[in-house]
Amino acid sequence: MKITTKALLPIALLFAVIISMVLSWFIWTNKPARYERNKQDTVTSTGTQRDLSTKSIRDIYLPVQVIRTDGQGNQKLVNNRKVNLVTEIRDEMSKWQASSVREISSKSKSEYLRQLQTANTVLLNYDSNITVKIFNKVFNNQLKRIHNLQFNRIQFKSNDAKHVYLLNDTNFRIYRVNVKGQKLKELKKVLSKNLVSDPVEFRMLKSKPTVFITKAMTMPRYSYMINKQDENNFVNRLMSNDSNSTDISIKKTEKRDDLR
């Protein structure tokens, strides 16, 4: 019995469809290496988010700057070489007990700027406004009835153990808080050891008080290059997705680098 071409064509087509279905099944059920890598990146990202979620709110909502004004009105941005100065001040302030608060000035740029430049003071600055509710959690205090009050600077005087000032750059409001248990002696110790200071001053910029550094400053170095890696190492990392990829090398010529 002779098999014609017309009879073989449907059989070949059916065989091709079956092979296509089998290959498709293998593709969908076997994950490529890059998907496994994405999975690992997702796990790493989840772990990082978990670490951030375990941090205390006291460590998240901390001031970002400490400015000290001496008896002559000279202002300096201060930091500590060995410890986190902001957390040291926070720990001391957490021992204070805030009671009542009173607004003493508002909408006056000149009075607000004068308050920022008050002699014998320490000023803690935030990048943006925080509420009294956050203040209570960060500094372990119990200011009540004013949870919606917002401010971005905290100021206290080195010769006044009864008051702390809350300042808001948005509306130039100044609030005076009565406190108890303030031990200025302990706070002065924190502000006297291993300090790095740079001269600053407040100026109005677009109707907002802004800190300006008045002299050139040198940023500390925290890391150094201790060795030099071969450029092939970087090329292999950029061009490959898994450990089984073919090695890529660089051959230098007089005018260009050739990849091989």
Side-chain angles (χ1 to χ4, degrees), residues 62-81 83-127 129-130 135 138-139 141 143 149-205 207-217:
L62 282 173
V64 295
Q65 288 180 336
V66 180
I67 295 179
R68 189 175 185 180
T69 308
D70 62 21
Q72 288 72 42
N74 301 313
Q75 296 185 300
K76 292 184 178 181
L77 181 67
V78 295
N79 208 336
N80 194 296
R81 294 188 182 94
V83 297
N84 189 326
L85 183 60
V86 175
T87 56
E88 293 292 316
I89 295 176
R90 179 205 61 189
D91 293 342
E92 287 298 323
M93 291 181 63
S94 297
K95 301 173 185 177
W96 306 349
Q97 297 177 357
S99 55
S100 60
V101 59
R102 176 187 175 186
E103 182 181 319
I104 60 175
S105 179
S106 65
K107 299 181 180 180
S108 175
K109 294 181 182 180
S110 58
E111 290 185 15
Y112 191 84
L113 193 59
R114 193 180 305 117
Q115 181 71 29
L116 291 175
Q117 298 169 339
T118 303
N120 297 311
T121 58
V122 175
L123 188 67
L124 308 178
N125 296 331
Y126 282 92
D127 280 336
N129 287 343
I130 65 169
F135 171 81
V138 174
F139 295 95
N141 269 285
L143 277 174
L149 185 151
Q150 296 186 354
F151 55 92
N152 64 304
R153 304 185 193 274
I154 304 171
Q155 184 186 62
F156 57 87
K157 298 180 179 180
S158 57
N159 55 3
D160 181 5
K162 295 182 179 180
H163 302 103
V164 172
Y165 298 85
L166 310 178
L167 299 90
N168 188 330
D169 287 357
T170 305
N171 48 28
F172 306 110
R173 294 182 184 273
I174 304 173
Y175 301 91
R176 185 173 63 199
V177 181
N178 296 326
V179 296
K180 298 178 181 179
Q182 193 181 40
K183 296 181 180 180
L184 297 177
K185 185 178 180 180
E186 296 298 324
L187 199 57
K188 289 178 180 178
K189 290 182 180 179
V190 174
L191 293 167
S192 62
K193 296 180 180 179
N194 304 311
L195 289 184
V196 178
S197 60
D198 295 284
V200 296
E201 64 181 15
F202 278 98
R203 302 176 190 171
M204 298 301 294
L205 181 64
S207 299
K208 183 178 180 180
T210 306
V211 178
F212 282 82
I213 299 174
T214 58
K215 292 184 180 180
M217 60 183 296

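Since the model is a prediction, treat every value here as computed from it, not as a measurement. Atoms considered below: every heavy atom in the structure, side chains included; atoms not considered: hydrogens, waters and symmetry mates.
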Working to the nearest 0.5 angstrom, can you tell me the gap between [X] [atom1] and [Y] [atom2]?
| X | Y | atom1 | atom2 | result |
| --- | --- | --- | --- | --- |
| L187 | K189 | CG | NZ | 11.5 Å |
| L77 | Q65 | CG | CD | 5.5 Å |
| L124 | N152 | CG | CG | 11.5 Å |
| D198 | I213 | CG | CD1 | 6.0 Å |
| R81 | L195 | CZ | CG | 8.0 Å |

Which heavy atom of [X] sits nearest a heavy atom of [Y], and at what distance?
| X | Y | answer |
| --- | --- | --- |
| V177 | A98 | CG1-CB, 3.7 Å |
| E111 | I174 | O-CD1, 4.2 Å |
| I89 | V190 | CG1-CG1, 4.3 Å |
| V179 | A161 | CG2-O, 3.9 Å |
| A119 | G71 | CB-O, 3.7 Å |
| F172 | S207 | CZ-O, 3.3 Å |

**OP:** Please identify each residue that fulfils side-chain hydrogen bond (donor to acceptor under 3.5 Å, both in side chains) with R176, with sequence neighbours left out.
**Re:** none
Hey, is the main chain of [Y] close enough, under 3.5 Å, to the side chain of [X] for a donor-acceptor pair?
| X | Y | answer |
| --- | --- | --- |
| N171 | S106 | no |
| Q115 | Y165 | no |
| T210 | K208 | yes |

Subject >> Pairs flagged by salt bridge (Lys or Arg N to Asp or Glu O under 4.0 Å) wherever residues 154-163 is involved - sequence neighbours left out >> reply: none
**OP:** Enumerate the residue pairs fulfilling salt bridge (Lys or Arg N to Asp or Glu O under 4.0 Å) with a member in residues 87-108, sequence neighbours excluded, ordered by first and then second residue.
**Re:**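 Of all non-adjacent pairs touching residues 87-108, those that pass salt bridge (Lys or Arg N to Asp or Glu O under 4.0 Å) are D59-R90, E92-K95, E103-R173.
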Original post:
Is D127 atom CG crowded by more than 12 heavy atoms from other residues, nucleotides or ligands, each under 6.0 Å away?
Top reply: no
Is there a side-chain contact between [X] and [Y] in this structure, where contact means two heavy atoms from C-beta onward sitting under 4.5 Å apart?
| X | Y | result |
| --- | --- | --- |
| F151 | I130 | yes |
| P199 | Q75 | no |
| T69 | L123 | no |
| Q150 | T170 | no |
| N125 | P63 | no |
| L85 | L191 | yes |

Subject >> Check against side chain to side chain donor-acceptor pair (under 3.5 Å), K188 and S158 >> reply: CA-CA 8 Å; K188 289 178 180 178; S158 57; 5.5 Å; no
**OP:** Give the intermediate values and the outcome of side chain to side chain donor-acceptor pair (under 3.5 Å) for residues Y112 and N168.
**Re:** CA-CA 9 Å; Y112 191 84; N168 188 330; 5.8 Å; no
**OP:** Go through the side-chain N and O atoms of K180 and S99 and say whether any donor and acceptor fall under 3.5 Å apart.
**Re:**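 No.
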